[in-house]
Amino acid sequence: MNFYEVKVEYTRQTGEDNPKSVKESYMTDNVDFGAAESVVHTYLKKFAADKVETLSMKILKVFDTFQLEAEKDHIYCGKVKFITIDDNGTERSQVNRVYVGADSLSDAKEFLHEQYKDYDAELVGIEETKMLEYINPANV
């Protein structure tokens with residue numbers, strides 16, 4: 001299973017007489033590009049005044065995810081460095097991407113620090129993504 005970022009353009013129904021053209025990015029997971037694109041298009045049909053057009057898609061490198069389906073304002077991508085020692089006693093480090101839903105950058109940092117406090121890991125960076133929300137394929 002892969003996670004995807006799907007960037008789309010469509011005309012959003014605003015409840016007024018003048019619909020608005022928007023470009024937005026969404027996160028979803030599925031088995032392939034076609035299925036991920038279909039999930040996003042199906043989800044957006046309830047908001048779109050006309051067709052939804054896919055502008056781009058990419059596979060996200062994801063080590064772990066947290067709180068994506070919670071009612072959070074943003075999706076953040078954190079980089080967590082894990083340190084391991086191999087059989088020869090050599091120290092190795094690996095940086096992995098984790099995605100977390102949170103209401104603010106400080107909430108996201110605090111949450112990730114709490115998640116990895118019992119591991120030999122360090123949060124080396126975190127940033128807000130452009131993705132508006134995670135769309136669970138099972139709920140579409």
Side-chain angles (χ1 to χ4, degrees):
M1 190 73 66
N2 289 316
F3 282 86
Y4 297 90
E5 179 179 357
V6 182
K7 185 174 182 180
V8 295
E9 181 176 23
Y10 65 99
T11 304
R12 179 180 280 275
Q13 296 174 348
T14 61
E16 302 169 6
D17 290 336
N18 50 353
K20 180 181 178 184
S21 181
V22 295
K23 293 179 183 177
E24 299 172 336
S25 293
Y26 294 89
M27 181 180 195
T28 190
D29 59 322
N30 224 306
V31 293
D32 60 37
F33 279 100
E37 180 179 37
S38 177
V39 164
V40 172
H41 282 237
T42 300
Y43 176 76
L44 291 175
K45 280 183 183 178
K46 58 187 168 191
F47 305 113
D50 56 12
K51 68 178 182 165
V52 177
E53 181 180 342
T54 301
L55 300 176
S56 65
M57 290 182 68
K58 68 179 179 180
I59 295 175
L60 299 171
K61 294 180 180 179
V62 177
F63 177 76
D64 211 346
T65 62
F66 304 98
Q67 305 184 138
L68 291 180
E69 293 191 65
E71 297 280 328
K72 301 297 181 180
D73 290 341
H74 308 282
I75 297 175
Y76 294 90
C77 176
K79 294 180 182 175
V80 179
K81 181 167 81 172
F82 292 90
I83 300 169
T84 59
I85 299 176
D86 64 17
D87 295 337
N88 300 333
T90 304
E91 186 177 286
R92 304 212 184 270
S93 65
Q94 179 176 349
V95 177
N96 293 307
R97 293 177 188 267
V98 296
Y99 289 82
V100 59
D103 292 326
S104 68
L105 181 63
S106 60
D107 288 349
K109 281 181 184 178
E110 184 179 319
F111 181 87
L112 291 177
H113 280 297
E114 185 65 25
Q115 285 298 309
Y116 293 108
K117 71 179 181 183
D118 296 331
Y119 298 92
D120 199 1
E122 173 187 359
L123 182 63
V124 294
I126 189 166
E127 64 184 10
E128 183 179 353
T129 69
K130 293 181 180 181
M131 295 176 285
L132 290 182
E133 64 184 288
Y134 166 75
I135 301 171
N136 185 336
N139 297 337
V140 174

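Given the structure is predicted, the values throughout are model-derived calculations rather than measurements.
Across all their heavy atoms, L112 and G78 have their closest contact at CD1-CA, 4.2 Å. Closest non-hydrogen pair, A108 versus Y76, comes out as CB-CD1, 3.7 Å. E9 and S21 make their closest contact through OE2-OG, 3.6 Å (heavy atoms, listed as atom of the first residue, atom of the second, distance). Pairing each heavy atom of L68 with each of G101, the nearest pair is CD2-N, 4.0 Å. The shortest non-hydrogen separation linking E69 to N136 is OE2-ND2, 2.9 Å.
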CA sep, side-chain torsions, deciding dist, call: I59, F33, side-chain contact (heavy atoms from CB on, under 4.5 Å): CA-CA 8 Å; I59 295 175; F33 279 100; 3.7 Å; yes
D64/N96 under side-chain contact (heavy atoms from CB on, under 4.5 Å): CA gap, chis, key distance, verdict: CA-CA 8 Å; D64 211 346; N96 293 307; over 6 Å; no
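Pairs of residues two or more places apart, or lying in two chains, that qualify as side-chain hydrogen bond (donor to acceptor under 3.5 Å, both in side chains) and include a residue from residues 120-132 are H74-E128. Annotation: side-chain hydrogen bond (donor to acceptor under 3.5 Å, both in side chains) contacts involving residues 78-88, sequence neighbours excluded, comprise D86-R92. Listed by first then second residue, pairs satisfying ring pair (Phe, Tyr, Trp, His ring centres under 6.0 Å) with a partner in residues 120-140 number zero, not counting sequence neighbours.
The side-chain heavy atoms of H41 and T54, taken from C-beta on, include a pair separated by under 4.5 Å. Side-chain atoms of R97 and F3, non-hydrogen and from C-beta on, never get closer than 4.5 Å to each other. Counting only heavy atoms from C-beta outward, the side chains of Y116 and V98 approach each other to under 4.5 Å.
Residues V8 and Y4 fall within the same hydrophobic cluster, defined by Ile, Leu, Val, Met, Phe, Trp and Tyr side chains chained together at heavy-atom separations under 4.5 Å. Under a hydrophobic-cluster definition in which Ile, Leu, Val, Met, Phe, Trp and Tyr are linked whenever side-chain heavy atoms come within less than 4.5 Å, directly or via other members, V6 and F47 are assigned to the same cluster. Placement of L60 and V95 in two distinct hydrophobic clusters is found when ILVMFWY residues are connected by side-chain heavy-atom separations under 4.5 Å, directly or transitively. At a threshold of 4.5 Å between side-chain heavy atoms, the hydrophobic network of Ile, Leu, Val, Met, Phe, Trp and Tyr places L132 and L55 in two separate groups. Both F82 and F111 are part of a single hydrophobic cluster, where members link through side-chain heavy atoms under 4.5 Å apart.
The line from CD1 of I135 to CG of L44 is 5.5 Å long, rounded to the nearest 0.5 Å. The NE2 atom of H113 sits 4.5 Å away from the CG atom of L123 when rounded to the nearest 0.5 Å. Of the inter-residue distances, the one linking T28 atom OG1 with M131 atom CE reads 11.0 Å to the nearest 0.5 angstrom. The OG atom of S25 lies 12.0 Å from the CE atom of M27; values are rounded to the nearest 0.5 Å. Residue N2 holds its CG atom at 14.0 Å from NZ of K58, rounded to the nearest 0.5 Å.
Between the side chain of D103 and the backbone N or O of D73, at least one donor-acceptor pair lies under 3.5 Å. Put simply, the side chain of T65 never gets that close to the backbone of Y99: no donor and acceptor are under 3.5 Å apart.
With sequence neighbours excluded, the residues that form a side-chain hydrogen bond (donor to acceptor under 3.5 Å, both in side chains) with E24 are Y10, R12, Y26. E114 is linked by a salt bridge (charged side-chain N to carboxylate O under 4.0 Å, His left out) to K117, counting only residues two or more places apart in sequence or in another chain. Residues passing the side-chain hydrogen bond (donor to acceptor under 3.5 Å, both in side chains) test with N30, sequence neighbours excluded: none.
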